[in-house]
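Encoded as structure tokens, the structure appears first; notes follow it.
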There are 2 protein chains.
Amino acid sequence: MLVYTDKSRLPRAGTPCSACPLRAKPAFADKTVDDIAFIQSMKIDHRLVKAGSDIISPGETDAELFTLFAGWAYRYKTLPDGRRQILNFLLPGDILGLQASLLSASQHGIEALTDVEVCVFSRRRVWDLFVKMPTLAYELAWLGSREESMVDENLVSVGQRSAAERIAALVISLFRRAETLGLVSDKSFQFPLSQQHMADALGLSLVHTSKTWSRLRRAGLFAFAGGRLTLLNPRLTARMASLFEREMTPRPLI
Amino acid sequence: MLVYTDKSRLPRAGTPCSACPLRAKPAFADKTVDDIAFIQSMKIDHRLVKAGSDIISPGETDAELFTLFAGWAYRYKTLPDGRRQILNFLLPGDILGLQASLLSASQHGIEALTDVEVCVFSRRRVWDLFVKMPTLAYELAWLGSREESMVDENLVSVGQRSAAERIAALVISLFRRAETLGLVSDKSFQFPLSQQHMADALGLSLVHTSKTWSRLRRAGLFAFAGGRLTLLNPRLTARMASLFEREMTPRPLI
DNA sequence: CGGCTCGTTGATCAGGATCAATTATCGTGG
DNA sequence: CCACGATAATTGATCCTGATCAACGAGCCG
């Protein structure tokens with residue numbers, strides 16, 4: 001993992017969990033002081049990871065547990081001949097490495113999509129957490145189930161939807177997630193995926209992704225410029241993807 | 001859910017968890033008496049479900065938690081126009097409805113593939129379990145991660161593998177799972193999937209599934225007769241699917 | 001300026017979808 | 001025991017979505 005060691009350039013590294021700016025967002029449920037104190041006690045580092053490098057490498061054992069503090073990342077698996085499947089994308093507040101930390105070796109890799117900041121939690125203390133902090137343990141399991149549910153949805157896309165439907169589904173689901181984090185202003189948000197990322201996530205070729213992508217743009221579903229995506233027609237995009245509005249209840253932030 | 005109410009025809013319904021025949025299998029890790037006693041106290045029913053009916057319906061709220069005691073099942077999602085994606089298959093000893101029980105409403109359905117027996121656990125007491133039984137809570141989370149890891153693998157199949165590779169991957173992964181349960185004798189095991197099930201799991205059309213399936217049979221990878229599948233060439237099948245041998249550590253049985 | 005990576009666009013190809021017809025397989029009732 | 005209808009599997013013909021090949025333009029960095 002590529003890491004900045006010079007913490008002096010990381011003003012937020014010193015911020016206590018109780019004053020975590022993420023926690024203030026409406027996407028996340030409130031926590032008791034005790035829970036926050038325990039989280040703080042588990043936190044062993046605050047790291048910067050450069051875009052494109054692994055936060056957890058495939059096959060890594062004893063990977064720590066992370067919370068994505070800022071930036072985007074994704075989970076992926078590769079086949080021996082190099083084919084890569086992106087399993088799901090990770091946004092700020094998402095937990096990262098839970099599967100790797102419970103199972104013995106990581107079955108997947110996690111790579112930083114943008115420059116990223118992560119909170120690092122001691123893997124050894126996860127067990128401690130289950131013993132002492134049932135609320136947090138429950139929330140950990142909850143977050144795991146939520147991630148599975150996202151993978152489920154991606155599997156539906158790749159297995160059943162056409163190329164255009166897949167892109168529409170990807171775009172709205174990311175839009176909605178960004179929205180709950182307050183990252184959307186005026187229907188537009190920072191969209192850091194390359195077309196190669198989309199292709200690998202959707203099970204499409206790079207070329208076909210490009211063609212379908214620009215077809216949907218010409219159709220007026222969305223616009224893309226300067227790394228920002230503007231969802232011009234959310235209704236139509238959602239309908240094209242058959243992706244239901246699913247109200248987002250505040251979720252736990254570990 | 002279609003249920004037999006006449007328990008008299010269910011001799012195993014009265015068997016205490018401590019004498020659970022599944023528990024004796026090498027696939028499952030040993031448990032303390034305390035843990036087993038708690039599991040027993042959570043168990044509120046032992047039900048038979050007919051093949052083809054839902055154990056958990058899509059959108060169901062307050063679904064209970066189950067362990068699959070005997071038979072096969074699968075998780076699935078459907079799109080409004082009827083397209084169906086099978087997310088993963090469930091074999092005896094697998095937990096079922098964990099996601100539905102943690103999240104508020106079930107995002108998927110679970111259907112019995114064969115006639116099935118399930119142990120029913122009180123959903124209300126799951127929280128109790130997290131408070132009192134950290135070991136079991138940890139194992140629940142572990143089982144959740146394991147299921148996610150299976151969905152991950154299916155997503156790799158559907159996103160990256162060719163039709164033949166997908167079928168090969170499905171066949172071996174089911175073979176291996178059946179093997180750990182002692183269901184395989186002489187390289188062959190009961191294989192209850194219809195071609196429609198395979199098609200829906202692999203994101204292929206029914207017709208193409210049939211053609212590829214018989215091509216692989218003619219190629220000598222496996223044979224299928226009388227509902228039993230015989231894996232004639234496990235090595236080649238595994239290589240075709242690029243599915244690595246992954247040693248199975250004993251897993252928790254709740 | 002050259003050498004990257006990334007996106008775009010056109011031409012061609014093929015894997016798998018769709019359509020259609022036939023053949024087991026099986027449970028059910030006469 | 002057989003006839004029947006329903007469901008599941010097979011096979012051939014044709015079509016089309018999306019893969020592959022190839023060339024080119026745009027932005028970016030050294």
Side-chain angles (χ1 to χ4, degrees), chain A residues 50-53 79 81-86 111 113-115 157-171 190-219 222-229 240-241, chain B residues 50-53 79 81-86 111 113-115 157-171 190-219 222-229 240-241:
Chain A
K50 290 297 273 179
S53 60
L79 293 177
D81 64 1
R83 284 176 283 179
R84 175 177 77 164
Q85 177 66 40
I86 290 183
E111 186 170 316
L113 181 59
T114 64
D115 285 355
S157 268
V158 175
Q160 304 299 328
R161 292 195 244 251
S162 71
E165 292 171 327
R166 289 181 213 185
I167 290 186
L170 177 66
V171 164
Q190 202 67 31
F191 190 84
L193 316 207
S194 71
Q195 298 194 348
Q196 185 65 65
H197 289 125
M198 295 190 235
D200 289 349
L202 302 177
L204 296 171
S205 74
L206 179 55
V207 175
H208 195 62
T209 301
S210 173
K211 286 175 179 170
T212 310
W213 176 256
S214 49
R215 188 155 61 79
L216 294 189
R217 266 190 298 145
R218 279 195 301 273
F222 50 79
F224 181 70
R228 288 187 74 84
L229 187 143
M240 165 170 292
Chain B
K50 290 297 274 180
S53 60
L79 293 177
D81 64 1
R83 284 176 283 179
R84 175 176 76 163
Q85 177 67 39
I86 291 183
E111 185 170 316
L113 180 59
T114 64
D115 285 355
S157 268
V158 176
Q160 304 299 328
R161 291 194 244 251
S162 71
E165 291 171 328
R166 289 181 212 186
I167 290 187
L170 176 66
V171 164
Q190 202 67 33
F191 190 85
L193 316 207
S194 71
Q195 297 194 350
Q196 186 66 65
H197 290 124
M198 295 191 236
D200 289 349
L202 301 177
L204 296 171
S205 74
L206 180 55
V207 175
H208 196 61
T209 301
S210 174
K211 286 175 179 169
T212 310
W213 176 256
S214 51
R215 189 155 60 79
L216 294 189
R217 268 189 299 146
R218 279 195 300 275
F222 51 78
F224 181 71
R228 289 187 72 84
L229 188 144
M240 164 172 293

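Every value quoted in this text rests on a predicted model; they were computed, and no experiment measured them. A note on names: the letters A, B, ... follow the listed sequences, proteins ahead of strands, and every chain is numbered from 1.
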Reported CZ-to-CD1 distance for the pair A:Arg215 and A:Ile167, which is rounded to 0.5 angstrom: 8.5 Å
Mutual orientation of the aromatic rings belonging to B:Phe224 and B:Trp213 [parallel < 30°, tilted 30-60°, perpendicular > 60°]: perpendicular
Worked check of side-chain contact (heavy atoms from CB on, under 4.5 Å) between B:Arg217 and B:Phe222: CA-CA 5 Å; B:Arg217 268 189 299 146; B:Phe222 51 78; 3.5 Å; yes
Backbone of A:Arg84 reached by a side-chain donor or acceptor of B:Gln160 within 3.5 Å: yes
Touch class at under 4.0 angstrom, heavy-atom based, for A:Ser210 against every strand present: base
Spacing of A:Phe224 atom CZ relative to C:dT8 atom P, expressed in whole Å: 9 Å
A:Asp200 side chain to A:Gln85 backbone, donor-acceptor under 3.5 Å: no
Show every donor-acceptor pair shorter than 3.5 Å between a side-chain atom in residues 202-211 of chain B and any protein atom, with sequence neighbours excluded, or say none if there are none.
residue	atom	partner	partner atom	Å
B:Ser205	OG	B:His208	N	3.1
B:Thr209	OG1	B:Ser205	O	2.7
B:Ser210	OG	B:Gln195	OE1	3.4

Phosphate OP1/OP2 of C:dT8 contacted by A:Gln195 side-chain N/O (<4.0 Å): yes
Length of the line joining B:Leu193:CG and D:dA8:P, which is rounded to integer Å: 13 Å
Degree of bending in the helix from C:dC1-D:dG30 to C:dG30-D:dC1 once both end axes are built from five pairs, to 10°: 40°
Donor-acceptor contact present, side-chain B:Arg166 to main-chain B:Arg161, <3.5 Å: yes
Atom pair distance, as rounded to whole Å: CH2 in A:Trp213 and C1' in C:dG7: 12 Å
Spacing between A:Leu202 atom CG and D:dT17 atom C1', to the nearest angstrom: 15 Å
Stepwise side-chain contact (heavy atoms from CB on, under 4.5 Å) check, A:Leu216 with A:Val171: CA-CA 11 Å; A:Leu216 294 189; A:Val171 164; over 6 Å; no
Atom pairs under 3.5 Å: protein N/O with N/O of nucleotides 13-17 of chain C:
residue	atom	partner	partner atom	Å
C:dG16	OP1	B:Ala163	N	3.0
C:dA17	OP1	B:Ser205	N	3.1
C:dA17	OP2	B:Ser205	N	3.0
C:dA17	OP2	B:Ser205	OG	2.8

Interatomic distance, B:Gln196 CD vs C:dT18 P [rounded to whole Å]: 12 Å
